[in-house]
Amino acid sequence: MVGTRSGGAGGFDPGDTFILAVVHDLRASVSALSGSIGVLRDQLDHPSTFDVDAGRRMLETMGAAVGDIEGVIDDLFDAERLEQGVTTVRRDATPVAGLVREVVGRSRDPARVRLDVDDVTVDVDPGLTRRIVANLVENALQHTSGDGPVTVCGRDEGDHLLLHIDDEGPGIPDDLRDELFEPFHRSTAGGMGVGLHLVRAFARLHGGDAWIDDLPGGGTSVRVRLATS
């Protein structure tokens, strides 16, 4: 099972490190949720001074925190299923543009995401493809500072679907690119490093792969190719 203790005497094994990483990620989201609830409760206790706009902002913060927690839980389930070897590809005719719009609409900041996706239907696993797009979009939004845009592209290449998520962040050094796809790798920006590992694993289950490229004007492009036949 993911994150189990090996039973060795003293210190932490990699499973313990993973557990600490998960606790760190969950604690940040729970703290944001708890703080927002406290502020909202104080405002409701003083209805004459209730600030509707501030209340809406608190609800948005709470919603984002809940989404982050759900994302961690989904990644844990996916990682466990991969480790147990029970994840399989169940191909179905999947409208790519509609799937991407659905995922982006549920992201932490849909207004920052630009779409450039071919309006095609391809034979992929819709559930795994949805998880790929969700992980990449959330990763890009989280690691692009300020209001920098994120672009989701999808291209039908005949026997493959090419997805790439581009951002205007600082880029990733060549020597770190493969490392970021390792399970439970923690980057300096935080996060327990499950998302990109799952992206590559799901791509390879589709007979494809995932990798990182530079963008000509600066930034990062995470690319995923899925075989569609």
Side-chain angles (χ1 to χ4, degrees), residues 2-3 14 17-18 20-26 28-29 64 67-68 71-72 74-76 78-79 82-83 96 99-100 103-104 106-117 128-155 157 160-227:
V2 171
T17 303
F18 163 69
L20 291 176
V22 174
V23 170
H24 177 275
D25 288 349
L26 290 176
S29 297
D68 289 342
V72 171
D74 287 343
D75 282 349
L76 291 177
D78 287 341
L82 279 171
E83 184 173 312
V96 179
L99 181 148
V100 171
V103 171
V104 170
R106 296 179 179 178
S107 68
R108 69 176 64 219
D109 196 351
R112 288 173 55 197
V113 184
R114 302 170 179 171
L115 302 182
D116 182 14
V117 182
L128 296 185
T129 304
R130 190 175 289 109
R131 298 287 291 124
I132 288 172
V133 176
N135 276 338
L136 291 180
V137 168
E138 293 299 337
N139 185 71
L141 288 171
Q142 182 179 355
H143 295 105
T144 303
S145 60
D147 296 326
V150 170
T151 303
V152 182
C153 299
R155 296 288 177 263
E157 297 190 325
H160 286 79
L161 172 68
L162 176 64
L163 297 167
H164 56 99
I165 285 73
D166 303 340
D167 65 52
E168 297 181 359
I172 298 171
D174 290 347
D175 59 338
L176 293 180
R177 292 181 181 181
D178 277 338
E179 184 178 334
L180 291 177
F181 288 100
E182 294 297 318
F184 316 127
H185 168 80
R186 288 189 67 84
S187 69
T188 55
M192 65 180 180
V194 182
L196 287 180
H197 168 64
L198 294 173
V199 166
R200 174 172 278 179
F202 293 162
R204 289 178 173 175
L205 285 173
H206 275 86
D209 208 348
W211 67 98
I212 295 172
D213 278 341
D214 288 324
L215 292 173
T220 300
S221 178
V222 183
R223 298 180 175 248
V224 178
R225 180 173 282 118
L226 308 177

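All values derive from a computational prediction rather than experimental measurement. Residues: numbered from 1 along the sequence shown.
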Does [X] have any side chain to side chain donor-acceptor pair (under 3.5 Å) partners at least two apart in sequence or in another chain, and if so, which?
{"X": "Asp109", "answer": "none"}
{"X": "Arg155", "answer": "Asp116, Asp118"}
{"X": "Ser221", "answer": "Asp166, Arg223"}
{"X": "Asp174", "answer": "Arg177"}

Ion pair present between Asp209 and Arg204, side-chain N to carboxylate O less than 4.0 angstrom?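 Between Arg204 and Asp209 there is a salt bridge, with a charged N closer than 4.0 Å to a carboxylate O.
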Only counting residues at least two apart or in another chain, list the ones meeting side-chain contact (heavy atoms from CB on, under 4.5 Å) with [X].
{"X": "Ala201", "result": "Leu82"}
{"X": "Arg106", "result": "Glu102"}
{"X": "His160", "result": "Glu157, Arg225, Ala227"}

Please report the C-alpha distance between Leu161 and Val96 in whole Å, then the side-chain angles of each, then the deciding distance to 0.1 Å, and finally whether the side-chain contact (heavy atoms from CB on, under 4.5 Å) criterion is met. CA-CA 9 Å; Leu161 172 68; Val96 179; 4.0 Å; yes
Residues two or more places apart in sequence or in another chain: which of them pass salt bridge (Lys or Arg N to Asp or Glu O under 4.0 Å) with Glu168?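 Glu168: no salt bridge (Lys or Arg N to Asp or Glu O under 4.0 Å) contacts found.
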From [X] atom [atom1] to [Y] atom [atom2], the distance as rounded to the nearest 0.5 Å:
{"X": "Leu141", "Y": "Asp167", "atom1": "CG", "atom2": "CG", "value": "9.0 Å"}
{"X": "Leu136", "Y": "Leu163", "atom1": "CG", "atom2": "CG", "value": "8.0 Å"}
{"X": "His164", "Y": "Leu162", "atom1": "NE2", "atom2": "CG", "value": "5.5 Å"}
{"X": "Arg130", "Y": "Phe202", "atom1": "CZ", "atom2": "CZ", "value": "12.5 Å"}

Answer whether the closest heavy-atom distance between the side chains of Thr220 and Leu215 falls below 4.5 Å.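 Result no, sub-4.5 Å side-chain heavy-atom pair not found.
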Test log, rule side-chain contact (heavy atoms from CB on, under 4.5 Å), inputs Thr129 and His206: CA-CA 10 Å; Thr129 304; His206 275 86; 4.2 Å; yes
Any sub-3.5 Å donor-acceptor pair from Arg200's side-chain atoms to Ala210's backbone N or O?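 Yes, Arg200 side chain to Ala210 backbone: donor-acceptor pair under 3.5 Å.
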Apply the test side-chain contact (heavy atoms from CB on, under 4.5 Å) to residues Ile132 and Leu226: give CA-CA distance (whole Å), side-chain angles for both, the deciding distance (0.1 Å), then the verdict. CA-CA 11 Å; Ile132 288 172; Leu226 308 177; 4.0 Å; yes
With Val199, which of Leu128, Asn135, Ile165 fulfils side-chain contact (heavy atoms from CB on, under 4.5 Å)?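 Answer to the side-chain contact (heavy atoms from CB on, under 4.5 Å) test with Val199 among Leu128, Asn135, Ile165: Asn135.
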Assess whether side-chain contact (heavy atoms from CB on, under 4.5 Å) is satisfied between Leu196 and Leu198, documenting all intermediate values. CA-CA 5 Å; Leu196 287 180; Leu198 294 173; over 6 Å; no
